[in-house]
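Report on the following structure.
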Amino acid sequence: MPSNRTRLPSGIAVRTTLVIATSFLCGLALASALFLWHAIHSIDHEPLLFKPLRAADAAAHSALSGDREKAALPQEASGHRSLLSGLRVLVTIASYDFMQLAHLEEVLDGFQDLCYAGSHVDVVIYTTVVYPVALIDMLNDRMRCNDPSPTSGMTVTLILKPASVRLHLVDFHRTLFYDRIDLYDVFVYTEDDIRISPKTIAAYLHETHRVSSLVGPTHASDYNVGIVRYEYNFPENVVITDKTRHATENVTRVYWEHLGKPIFEKAVDKVEHQELSKYYVSMHLHHQGMYMATPDLLRAWKDRPGCKFDEVRNRPGSGSQPSEGTQRVWMSSQMLFGKRHCGVTQLLPVDNFGQLTVLHLPNKNYRRVGKQGRIGGSDNSPKNEFSDGTEVFEPSHPDLLRALELHIEMKRQFPHLKSTNVAGEDGRLRYVGIRMVDTDLNVGSFAKDHRQVAEKRLEAYRAYVGRGGYMIDSDMDIDIDAWRITS
Ligand SMILES: *[C@@H]1O[C@H](CO)[C@@H](O)[C@H](O)[C@H]1NC(C)=O
């Protein structure tokens with residue numbers, strides 16, 4: 001099954017491995033636990049096993065061990081409150097069509113987790129395809145944030161753009177950020193295949209506070225805490241199946257975009273600022289595919305000489321010969337970090353490095369490394385497999401229960417649970433599910449075949465909202481195999 005190639009091991013595989021490992025290592029585990037207990041015991045005479053390690057603990061520990069400089073590290077401005085509680089976050093995602101829906105679903109789950117961590121999250125997805133009601137209904141159930149906190153919440157809005165915008169789909173978020181700059185504490189721009197979790201946002205805030213205390217408020221906007229994307233380096237030639245599970249024994253996270261040895265010269269740079277240089281590094285190649293920012297930083301970058309971060313514009317270069325990568329790279333990274341543009345310095349914390357790394361869900365780009373015409377490759381390198389488009393995919397077994405299939409069947413079986421996407425306000429009920437907006441009547445500019453499907457879906461969506469967000473038979477009669485093909 002070639003489609004399994006790039007997949008991470010399933011939960012079942014992981015659990016099986018754990019069971020084997022547990023029985024195999026039972027005796028060893030006790031021995032190492034004792035060893036660990038002794039090791040910790042000998043440091044401060046208090047067994048810390050199972051006690052969560054927090055920044056405050058680490059600082060206190062440094063104080064005990066006489067490392068005054070580290071103990072004096074600035075703590076979060078929020079004191080004892082959770083960094084995420086009551087935080088207002090605007091997330092924008094460029095998601096062209098349904099090609100990466102599998103990844104987008106994971107991305108949305110990450111932001112759903114942020115709501116349950118106490119934040120208010122508004123997610124805006126820019127797309128060129130109209131979502132069918134059945135998919136929206138399934139996502140409504142999945143994305144509903146039932147957290148009781150008055151400050152947490154989640155909204156999802158799909159903004160339709162004509163397919164002709166192509167790579168410029170990545171541009172629209174910027175204007176939205178500046179239009180709504182007073183309404184949020186954190187802004188996130190990302191593509192639809194990068195998994196961001198509450199941890200990512202919290203770590204970003206924690207480090208941003210630290211940077212600001214280290215350089216002072218006037219210079220804080222010379223820097224932005226960055227992100228490094230990783231993948232897992234599954235073997236190049238083996239499909240991971242039940243029979244080849246052992247092929248994952250050496251698999252590890254790889255920062256596939258950051259090549260070159262010695263590492264501190266070719267892949268990672270030291271930073272110049274004296275205080276920052278003690279805690280932070282920059283990646284030599286600063287492409288991130290996403291970025292985060294606070295309103296203060298966005299405001300400062302607007303006025304920063306040579307930056308104009310609020311101004312959407314084309315990547316540098318003439319005609320079809322861009323000199324600095326694609327529009328995606330430009331909007332997500334190069335405009336901000338490029339020396340000839342905003343010239344903001346990307347910072348990654350040495351001591352919390354892994355917290356600012358995110359999974360690139362397709363888990364495929366590491367395979368490019370060293371291939372013909374790709375990063376680290378030469379003319380004599382092997383070609384990337386399937387590079388000529390002649391591939392034939394073998395579908396997975398039709399008996400596999402698909403999420404959308406089960407969703408529709410449950411709704412058929414439980415018709416009394418139908419009006420769950422409404423909320424009361426002044427005695428009036430209001431639809432509160434995923435919004436799909438076609439503000440510029442973009443659907444009118446779709447190609448003819450596509451347009452008919454799109455208009456029909458928009459009409460069904462409006463009816464769904466009008467009745468309070470539950471499906472009727474015509475919404476459930478969806479071709480489970482072919483609904484993504486829209487043209
Ligand atoms: C894992 O690495 C070891 C050491 O290089 C090697 O002997 C082994 O064959 C590797 N396993 C797989 C599945 O690649």
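Just so you know, ligand 1 is whichever comes first in the structure, and atom 1 is the first atom listed for that ligand. FYI, side chains are in, hydrogens and waters are out, and symmetry mates aren't considered; it's all heavy atoms of this structure.
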Exercise. Would you call the rings of Y232 and F234 parallel, tilted or perpendicular if under 30° counts as parallel and over 60° as perpendicular?
Worked result: tilted
Exercise. At what distance is the nearest protein heavy atom to atom 11 (N) of ligand 1, and which residue and atom is it?
Worked result: E249 OE2, 2.7 Å
Problem set entry | Test item: S213 side-chain N/O and H209 main-chain N/O as donor-acceptor pair under 3.5 Å | yes
Problem set entry | 4.0 Å protein heavy-atom contact status of atom 13 (C) of ligand 1, strictly under | yes
Seminar exercise, completed: For N250, the ligand 1 atoms with a heavy-atom partner under 4.0 Å come out as 1 (C), 2 (O), 3 (C), 8 (C), 10 (C), 11 (N), 12 (C), 14 (O)
Problem set entry | Under 3.5 Å: donor-acceptor pair, side chain of S282, backbone of V271 | no
For this session: Look up atom 5 (O) of ligand 1 and tell me if a protein heavy atom lies less than 4.0 Å from it?
Result: no
Problem set entry | Y279 six-ring centre to R210 NZ/CZ under 6.0 Å and within 45° of normal | yes
